[in-house]
Protein chains: 2
Amino acid sequence: MEVKLPTFDSVFSIDCVIFGFEAGELKILLIERNEEPFKDWLALPGYIVEQDESIDDAAERILYELTGLRDLHMQQFHTFGEVKRHPQGRVITVAYYALIRINGQKEVKPVTHYAKSAFWHPVNDLPKLAFDHSEIFNTGFNKIRRRLNYQPIAFELLPEKFTLTQLQSLYEAVLNKKLDKRNFRKKMLSYGFLKELDEKQKGVSYRAAKLYKFDRRKYAKIFQNELNLVQ
Amino acid sequence: MEVKLPTFDSVFSIDCVIFGFEAGELKILLIERNEEPFKDWLALPGYIVEQDESIDDAAERILYELTGLRDLHMQQFHTFGEVKRHPQGRVITVAYYALIRINGQKEVKPVTHYAKSAFWHPVNDLPKLAFDHSEIFNTGFNKIRRRLNYQPIAFELLPEKFTLTQLQSLYEAVLNKKLDKRNFRKKMLSYGFLKELDEKQKGVSYRAAKLYKFDRRKYAKIFQNELNLVQ
DNA sequence: ATATAAGGTGTCGAAATTACACCATTAAAT
DNA sequence: ATTTAATGGTGTAATTTCGACACCTTATAT
């Protein structure tokens, strides 16, 4: 059976690459589509921008409708504008990313019928995605990999209180390489934006680690003058 | 006299921030608009994307039509999508930048009637621009300032053969600070992607400097593994 | 008490970064 | 011919950062 689809001209859409970190693994949010085209395929959460909302607002709304997640700090990273990227017509999409702590998060679940389900999937083993979403994901992953080195995005993926080992394993997951424990700690602590708490990890069956907090205010002070690569 | 303007829904446009370097000064290309809205205002070169062209293609075409420049290496840097950014309707614009050698370039000149003129203007003394173009410019300037530190974009602004002093003064213009001559040279040369030529500057009334060339092939070899900020 | 699993810590050599000042060369002016 | 003006071109030493590397400590479970 062939399905006749409407076509459209000049539509903007938003697609979201939402990273989460859980059990030492980096994951992203996928949805199962419930609409043609690419019905039943896996895809990034994404939909069409309304006339009367900014693209930033649209990104928040769309993510909420498709996954139930709200109040993430979403950031635009690239716009995809190939003519044939959408089979039904001309759709230019602005891609956003966000980072989020998975732990303690209520289950993700679509609020609209455009998606059948939403779930976390490890980045290392992604299936083929609808549209050009695999390309969008790759572009986004490269972006955050690079940004990890000069922006405090790691802390958005961790619980508010975290151990240095957790922080290190996040860096290792994103950069995909092993780091030296002593050097990593020395360097992170030397920045001065980690606040040591009077509290320890609980519920582990081995020596509990100290907990730390990211001190956003100190970070901002330290890095207000940040352009420094040449001299 | 009040002018009635047509309005439109869902239009994509492109705006271009084109940097050039001349006489030790960083400049950008502006046009004088010949159409409402903002007729007679200064603006970034920009126009509407057609249905059957990718945004990258559109960026090239539009820049050509408004300034006569072709074959620049243009790169998207941000998409601006506030609802009210265009007085006639919903226009989302994708902003691109490019860098170009001004010297020896034929005069810039619009090919369409949408612009009255096109000209270079120093970045340090920009007038108020049409639409949200001042914001677009600022965003773009910050981008290239940062990219100067990890991408070989400086060489696109200089003539093919350049002196180390020219290179340094470009860095100083973009970063807006003085650099140490000896350290700058030591560092630049240590990378190994500058090729010293058997040729000297001509036509100067003082000791002529050696000329150098950027060796793109060596650069690519050196920086294929580049992620390195944490260990 | 013992085993297990991760927490937590310091040093040394190499490399990179920074600060800093003077002589050399060329063309133009006298 | 000499001087002047302007920029070209160079080295070193102190300091800081980076990277490699291994062992004892502590909490819990058995």
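If you're wondering where the values come from, they're calculated on a predicted model, not measured in any experiment. Labels below follow one simple rule: chain letters A, B, ... track the order of the sequence lines, proteins then strands, and each chain is numbered from 1.
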Go through C/dA28, C/dG8, C/dT26 for me and flag the one nearest to the A/R185 side chain. C/dG8

Classify the nucleic acid contact of B/T165 as base, sugar-phosphate or nothing, counting any heavy atom under 4.0 Å across all strands shown. sugar-phosphate

Closest to the 5' end of DNA chain C, once A/Y206 and A/L189 are matched to their nearest nucleotides, is A/Y206

Quick check on B/K116: does its NZ atom have over 12 non-hydrogen neighbours (other residues, nucleotides or ligands) under 6.0 Å away? yes

Write down the distance between CD (A/Q166) and C1' (C/dA6), rounded to a whole number of angstrom. 12 Å

Report the distance from atom CZ of B/F162 to atom P of D/dG8, rounded to the nearest whole Å. 14 Å

Check whether any side-chain nitrogen or oxygen of A/R182 sits under 4.0 Å from OP1 or OP2 of D/dG19, and answer yes or no. no

Name the closest nucleotide to the B/K200 side chain, picking from D/dT28, C/dT26, D/dT10. C/dT26

Interatomic distance, B/K181 NZ vs C/dC20 C1' [rounded to whole Å]: 13 Å

What does B/S190 touch in the nucleic acid at a heavy-atom separation under 4.0 angstrom: a base, only the sugar-phosphate, or nothing? nothing

Checking only heavy atoms, does the side chain of B/K210 share a donor-acceptor pair with the base of D/dG8 at less than 3.5 Å? no

Side-chain donor/acceptor contact of A/K186 with base of C/dG8 under 3.5 Å: no

Atom NZ of B/K178 and atom C1' of C/dA19: how far apart are they, to the nearest Å? 17 Å

Roughly, in whole Å, what's the span from CZ in A/F184 to P in D/dA20? 16 Å

What's the closest nucleotide to the side chain of A/K187 if the choices are C/dG10, D/dT7, D/dC18? D/dC18

Ring centroid separation B/F214 to B/Y219 under 6.0 Å: yes

A cation-pi test, strictly: NZ or CZ of A/R146 under 6.0 Å from the centre of the six-membered ring of A/Y150 and no more than 45 degrees from its axis. Yes or no? no

What is the distance, rounded to the nearest whole Å, between atom NZ of A/K202 and atom C1' of D/dT28? 16 Å

Under 3.5 Å, is there any donor-acceptor pair linking the side chain of B/R207 to the base of C/dA24? yes

A/E196 has an atom CD; how far is it from atom C1' of C/dG8, in whole Å? 11 Å

From CE of A/M188 over to P of C/dG8, roughly how many Å is that when rounded to an integer? 16 Å

Report the nucleotide, chosen from D/dC21, D/dT10, C/dG8, that has the shortest atom-to-atom distance to any side-chain atom of A/N183. D/dC21

Determine whether more than 12 heavy atoms belonging to other residues, nucleotides or ligands lie under 6.0 Å from atom NZ of A/K161. no

With the threshold set at 4.0 Å, does a side-chain nitrogen-carboxylate oxygen contact exist between B/E172 and B/K178? yes

